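First the structure, in the form of structure tokens, and then the observations on it.
Note that the structure is a prediction, hence the values are computed from the model and not measured.
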Amino acid sequence: MVELLAPAGNVESLDAAIGEGADAVYLGLKSFNARLRTTNFAWNQFEAAVDSLHRQGKKIYVTVNTVCEERETERLYRFLSYLNEVHPDGLIVQDYAIMRMAQEFFPNLELHASTQMNVESSAAVRQLQKSGIKRMVLARELGLDEIAKIKRETGAELETFVHGALCVSESGLCLFSSFLGGKSANRGMCAQACRRFYSADVPGGVSQGYYFSPCDLQLIEKIPDLIDVGVDSFKIEGRMKSADYVGSVVAAYRYVIDHYKEDKKGAIAAGKRMLASDFARSKTTYWYNFDSFEAGVNNAASKILNPNQAGGTGIYLGKIANTKPAPKELSEAIMANASPDTPVEQLRIKMACLKGGSYDPDPGDSIRLHKKDDTGRVSHKIKSVEVEDDGKRWIDIPSGFNEGDEVYLLQIKSGSKHYAHVLPNDIGRFRKQPKDEILPVLDITPVAKNELKYAPDGIYVQVSSISDIFLSQSLNPVRIILEYNSETSYDLLNHKTVLPFSKKQIFISFDPFCSAAQEDKLNSEIEQLISDGFVNFVANNIAHLQMLSGKAVNVIAGPYLYTFNRWAVSWLENQNAGMFIMPYENSRRNLEATYEASVRSRVIVPVFAYPTLFRMRFKLPSDYDFTYFEDKEEKVFKVNSTADGSFVMPEEPFSILDKVNFITDAGFKKILIDFSKTKVSKSQIKAIVNSMTKAQPLTGISRFNWKDGFYSPQQMEEYRAANERAAARNAAAAKPVVKKGPVNPKKAGRKGRR
């Protein structure tokens, strides 16, 4: 029997999901999950949920689907040990470190590969099956035929998304939010750059729109087909959505699953009617209904993108025009009636007047508020509406929102239901928490004599075309990394060019998205490349590890096989990766913490790149007649639409060229200058050489996360508290002292040190 899997972003959504017939729920705790901005569950709530759902014969999965820095590995180990005691039905994971730790310490934990792990082929599935992964949450960019192929060839347990918000970028490969300020999508901090309003330079002027804000997925009419091809679990996205949303969507899909066999057309029609109150974005079936891979690449954009569609979820209610304090009795009533897990920021309310919408919300309606600087989004159920004599309407909102912030309607009151509580009233007996356990030391494999002779110290240059190999010679690279794309593959396979480097001096780097429709062709081409004499390959997808397994080649783990900690490195070592290219999001501090001095010769450190921020599995529509676009902060980006997909990059490169001496002195003697997706020029090469030799930074660059690392809300709170304490001390020190009599030196001294 197929499983219907629903999101539980909070206790109310858990009740709605189970109340409407979900077979299982997935939820996150307070860390290591990709929806840190939602409420999430406290330890005792989670333990109580596991107990209650198991009594009902339901399943519960925990999202542990973010990457982990080296300094966090001990906390991750303690978290896994806690989950091992509580016994959820599965962990949805992204970081290879979790697989490595589970193999070593927690073999009874069932692991599911998150969509963030970028799994879209039979080869990737087979590689993960060898590591004990039980279920694969497939990438959302796949069509029905591709899913059927994976099931047919692997027999694996498959989970697919069927409803909810989509990422415009291929799953797990988005760097945009991280590039804007360290808020990494791979760390649960996505700032949703795809939903932003952009201005683009087009012929004849400037055009504006939500160019990269995708429609929402809705596959309710595809449920019978997906069941027929063997999908095991249907996943509804929405851990940041309201309980009303979760309940209505679960009810619709439950109905179709239960009734399609007796009346397929009628069941689907009924399910669609039940979704009519889903006030989300316009809907798409995305990669379904295409006859071929080429048709999908050429036409999927028109099914997923709508520049005129606002980035927010729901019906637009307008912007906050004015605010005022909430009545005292209303604030007190909200405090008194709130559930224990309600976030504090939602308990503190004020009144707001909206302007610009076409609907007047009423008490009981669910709304979603978006900060104008895109730093926060919160769902809220309206408790009170005040209407003044002149018709001006005031609604209650969370106090953290202000004038200019946008508001959307998620659910009208008539759609609200009351559900039986999953959690018992008294959860005091559930007391398990992570313990202060010590993570055993793990050493990366020492470098054997002559092991890395294929990869000498020095400058590595990555390019996207054969012609750029020739231009790059002036940098005196010890090795060339050549991106394998539709252009370079043709040249290599048909022997069109005599290369200025030997085949042993060239590393061939594969694209991080490896789909079921392309894997057989790539597998065949790898065989030809090896027979032609190429022996060095950069793997950027788990599928590549499988394809290269058992062959007499050197495997380098590329920047998209994320190595943010030594446990992830160790797992990749066990898959025969001998070297590692640092992920572009990484920081110097974390790089040095991950690799001890004795193994730093295994690492290639990027010091210059135009990192790809969005990777889209389609060409952009023909009316996207622009290359450059900018956001409201006037930061400029460029987009490149090709036969291999579309790619968004920053106008300003990532560069730490002026830090090369420090990097090599620290033992990282292999550095990478990455020209991927760009054209190499002589002037650019001259500037790069000057920056390195003179140790002077290039102008107009980004340091990405090299210096400051990932954004951390906890760290920011600690900084804020420290600054407040320092300000208080300074204010106290500056305050004049009025002497009223003789001062006891001893007492004065004690007072000064307090």
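Of the listed residues (R239, Q116, Q94, H112), just one forms a side-chain hydrogen bond (donor to acceptor under 3.5 Å, both in side chains) with T63, and that residue is R239. Test V67, T66, L173 against N186 for side chain to side chain contact (heavy atoms under 4.5 Å, CB included) and you get one pass: V67.
Side-chain contact of Y359 with D365: a donor-acceptor pair under 3.5 Å is present, judged by distance alone. S384 and D396 share no side-chain donor-acceptor pair at under 3.5 Å. Counting only N and O atoms by type, the side chains of E20 and Y419 include a donor and acceptor under 3.5 Å apart.
Side-chain contact between S171 and R140: present, with at least one pair of heavy atoms (C-beta onward) separated by less than 4.5 Å. By the 4.5 Å heavy-atom criterion applied to side chains, T285 and Q218 are not counted as neighbours. Between V422 and Q45 there is no side-chain heavy-atom pair separated by less than 4.5 Å. The shortest distance between side-chain heavy atoms of V2 and I223 does not fall below 4.5 Å. Using a 4.5 Å heavy-atom threshold, the side chains of E159 and T115 count as separate. When side chains are defined from C-beta on, L53 does not count as touching D89, because their heavy atoms never get closer than 4.5 Å. For the pair V407/I320, a side-chain contact is recorded, criterion being any heavy-atom separation below 4.5 Å from C-beta on. Residues I236 and V250 form a side-chain contact, since some pair of their non-hydrogen atoms from C-beta on lies under 4.5 Å apart.
Sparse packing is recorded around CD of E634, with 12 or fewer heavy atoms of other residues, nucleotides or ligands lying under 6.0 Å away. Remark: K59 NZ is loosely packed, at most 12 non-hydrogen atoms of other residues, nucleotides or ligands lying under 6.0 Å away. The environment of NE2 in H421 is sparse: at most 12 heavy-atom neighbours from other residues, nucleotides or ligands sit within 6.0 Å.
Taking the ring centre of Y288 as origin, the terminal cationic atom of K222 falls outside the region bounded by 6.0 Å and 45° from the ring axis. Cation-pi geometry between K371 and F401 is met: the NZ or CZ atom falls under 6.0 Å from the ring centre, inside 45° of the normal. Cation-pi geometry between K432 and Y82 is not met at under 6.0 angstrom from the ring centre and within 45 degrees of the axis. By the 6.0 Å and 45° rule, K241 stacks over the aromatic ring of Y245. Within the cation-pi definition used here (under 6.0 Å to the ring centroid, within 45° of the axis), K324 qualifies as a partner of W394.
To the nearest 0.5 Å, atoms CD1 (I98) and CZ (F79) are separated by 8.5 Å.
Residues D244 and K381 are paired through a salt bridge, judged by an N-O separation under 4.0 Å between the basic side chain and the carboxylate.
By the 30° and 60° cut-offs, the orientation of the rings of Y624 relative to Y211 is perpendicular.
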Practice task
Before giving the answer on salt bridge (Lys or Arg N to Asp or Glu O under 4.0 Å), spell out for E72 and R78 the whole-Å C-alpha distance, their side-chain angles and the decisive distance to 0.1 Å.
Solution key: CA-CA 10 Å; E72 300 168 319; R78 294 170 180 175; over 6 Å; no
